[in-house]
Amino acid sequence: MFETDGLAALKSSTELLAQGFTDLPEFDSPHLDAGAAAVLSDVARRMQENYPYAHPLYAGQMLKPPHPIARAAYSLAMQINPNNHALDGGRASSELEKEAVANLAAMFAWDSHIGHLCGGGTMANMEALWIARQELGGAVVASEQAHYTHSRLTEVLGIPFHSVPVNANAQMDVAALESLLRQEKIGTVVVTLGTTGVGSVDPLHKVLELRKSHSFRIHVDAAYGGYHCLLDSLADNARQAFAQIADVDSIVIDPHKHGLQPYGCGCVLFRDPQIGRHYKHESPYTYFSSDELHLGEISLECSRPGASATALWATQQLQPMERGGEFARGLEDSRQAALALYARICDDHSQLSIVEPELDIVLWAPKAVKASEISALSSNAFEQCAANNLHLALVHLPSTLLRAHWTGVEFDAESVTCLRSCLMKPEHLQWVEKIWAIYKEST
Ligand SMILES: *Cc1c(COP(=O)(O)O)cnc(C)c1O
């Protein structure tokens, strides 16, 4: 199940890296001894307690194994452990970060931008909302299906927050947004392109229309869905939304979600490079080894792993983010896997389908008369499948969302527990049949 062939390439590239430092006198550097090897064995045994995230039968939460090149490049960079806070800490890896981030901006068709990597989507969204407040003030709004951290981040930042209802497809209800815009001073609309729970895409194109008569900033949270802008096969709403992504003020994308990266790799991008002025600080420790604006001056976090940038850059070299390229084909396979699973659910009269997947998340539930019974059956199916090595996830959906889809159901609860499967690995396409077979045997 695990890839170890890359270790040979890692060894030879480590030797090559060392050649850059041969003019230094030898010293006795720390190395792994027998004690360390024993500890590593303990680590291996403890790690066996994880779910098998890399295997296609793990089809639960939003987890995708990093590409082997990302793992190898990350490990190689660990020989240096660069800190991309400043050029002093990560001279080479800061360059790699700027290039990798520019590649992400280019994927969104931005020819100018300012941005950087950070710990993840939460941190990236916090920076975007912080900048939004400096630029325009006013409240932040996001849909009911937006990531839960937006309302919490606005608490941290002391910004008023309002939640916008969603339609039956779990997309932001634009009429509800418009009435909020009339009533309140809204500074920023968070548009989620790929919600974490449902995988739905807010209609960005319609939100942009509202900007003709109201003034507000648009922040796109595409932590999970951002890379889907490379696909040609999206259905109408998602296609139109992604087609206009370049017209927004800021974007968050998580290379550690769909970008084949180890955790600790989020990215925030701003269209206007001038927003760099909000980051100005005068730290006596921040060292200037060049006149160029360095990454530590345009980031809220201070120390950041240069290894993340190195891994991302390496992955982009091997699998450029191009329409029709290998990387995009991997995303396409995941999406086709989701559509194939959805088709099986729709064809099975013992199951209740919900929304057609816009990206690669599928939701469904076993059929019953009452909502409370459906919740119990979903939880039971989740456990039975896990016992048979098929790992799904659960999601609690509001009954208001489900009513439109499940006309015969008696809603005796405010929310219903449903099954959720993120088919984020390209291999899932080959495994849909097997996944469905295990599901049916288990329930
Ligand atoms: C995952 C996710 C986040 C949070 O990102 P982390 O990297 O987990 O901090 C925010 N928004 C969306 C849409 C997400 O899917």
Side-chain angles (χ1 to χ4, degrees), residues 53 60-66 70 101 104 108 115-130 132 140-157 161 163-164 166 169-172 188-204 207 218-229 238 241-242 245 248 250-269 299-301 304-305 308-309 311-312 331 334-335 338 355 357-363 393 395-397 420-424:
Y53 304 115
Q61 303 287 355
M62 231 175 233
L63 292 154
K64 180 167 176 165
V101 168
L104 287 169
F108 297 124
H116 59 89
L117 301 180
C118 56
T122 305
M123 194 64 210
N125 279 319
M126 176 148 109
E127 281 194 38
L129 297 180
W130 175 61
V140 167
V141 300
S143 93
E144 283 168 352
Q145 284 295 325
H147 201 266
Y148 72 95
T149 48
H150 286 289
S151 70
R152 216 153 68 171
L153 290 170
T154 53
E155 276 177 35
V156 173
L157 293 165
F161 177 84
S163 192
V164 186
V166 292
N169 293 321
Q171 303 150 342
M172 181 182 279
T188 301
V189 176
V190 176
V191 173
T192 308
L193 298 187
T195 58
T196 318
V198 181
S200 51
V201 175
D202 285 343
L204 173 61
V207 176
I218 299 180
H219 169 60
V220 162
D221 182 358
Y224 147 68
Y227 288 104
H228 288 92
C229 72
F242 279 109
I245 197 166
V248 309
S250 53
I251 304 175
V252 158
I253 180 168
D254 259 356
H256 72 201
K257 287 261 177 69
H258 247 315
L260 301 166
Q261 297 309 298
Y263 284 114
C265 193
C267 179
V268 60
L269 294 164
S299 160
L300 206 51
E301 284 172 292
R304 292 179 308 109
S308 281
L312 180 60
L331 288 177
S334 297
R335 180 167 148 66
V355 290
E358 285 198 274
L359 304 180
D360 51 23
I361 298 176
V362 191
L363 308 175
V395 60
H396 304 292
L397 293 174
R420 167 169 169 267
S421 177
C422 300
L423 296 170
M424 291 177 80

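Reckoned from all heavy atoms, side chains included, excluding hydrogens, waters and symmetry mates. We count ligands from 1, going down the list as the structure has it; atoms in each ligand are counted the same way.
- Annotation: atom 10 (C) of ligand 1 to nearest protein heavy atom, H147 CG, 3.3 Å.
- At a 4.0 Å heavy-atom cut-off, ligand 1 touches H256 through the side chain alone.
- Ligand 1 places these atoms under 4.0 Å from at least one heavy atom of Y224: 15 (O).
- Side-chain contact check for S151 versus S163: every heavy-atom pair is 4.5 Å or farther apart.
- What you find for P255 and L104 is that their closest heavy atoms are CG-CD1, 4.2 Å.
- Between H150 and L129 the shortest side-chain heavy-atom distance falls below 4.5 Å.
- Contact atoms of ligand 1 toward N125: 10 (C), 11 (N) (distance under 4.0 Å to a heavy atom of the residue).
- With hydrogens left out, the protein atom closest to atom 9 (O) of ligand 1 is T122 OG1, 2.6 Å, a heavy atom.
- The G194 neighbourhood of ligand 1 comprises atoms 13 (C), with distances under 4.0 Å to a heavy atom of that residue.
- Nearest non-hydrogen protein atom to atom 2 (C) of ligand 1 is K257 NZ, 2.5 Å.
- Between S200 and V355, every side-chain heavy-atom pair lies at or beyond the 4.5 Å cut-off.
- Closest to atom 11 (N) of ligand 1, if we only count protein heavy atoms, is D221 OD2, 2.7 Å.
- Looking at D254 next to ligand 1, an N or O pair under 3.5 Å apart turns up.
- At a threshold of 4.5 Å between non-hydrogen side-chain atoms, the residues V198 and L397 count as touching.
- Atoms CD and OG1, on Q171 and T192 in that order, are 11.5 Å from each other to the nearest 0.5 Å.
- With respect to atom 6 (P) of ligand 1, the closest heavy atom belonging to the protein is G121 N, 3.3 Å.
- The closest approach between any non-hydrogen atom of H150 and ligand 1 is not below 4.0 Å.
- Classification of the Y263-H256 ring pair by plane angle, with boundaries at 30° and 60°, yields perpendicular.
- No heavy atom of T149 sits closer than 4.0 Å to any atom of ligand 1.
- Not close to ligand 1: G225, with no non-hydrogen atom less than 4.0 angstrom away.
- Here is the list of ligand 1 atoms found below 4.0 Å of a heavy atom in A223: 2 (C), 3 (C), 10 (C), 11 (N), 12 (C), 14 (C).
- Although no hydrogens or angles enter the test, the distance criterion places no donor-acceptor pair under 3.5 Å between the side chain of E301 and the main chain of C118.
- Residues V166 and T195 fail the side-chain proximity criterion, which asks for heavy atoms closer than 4.5 Å.
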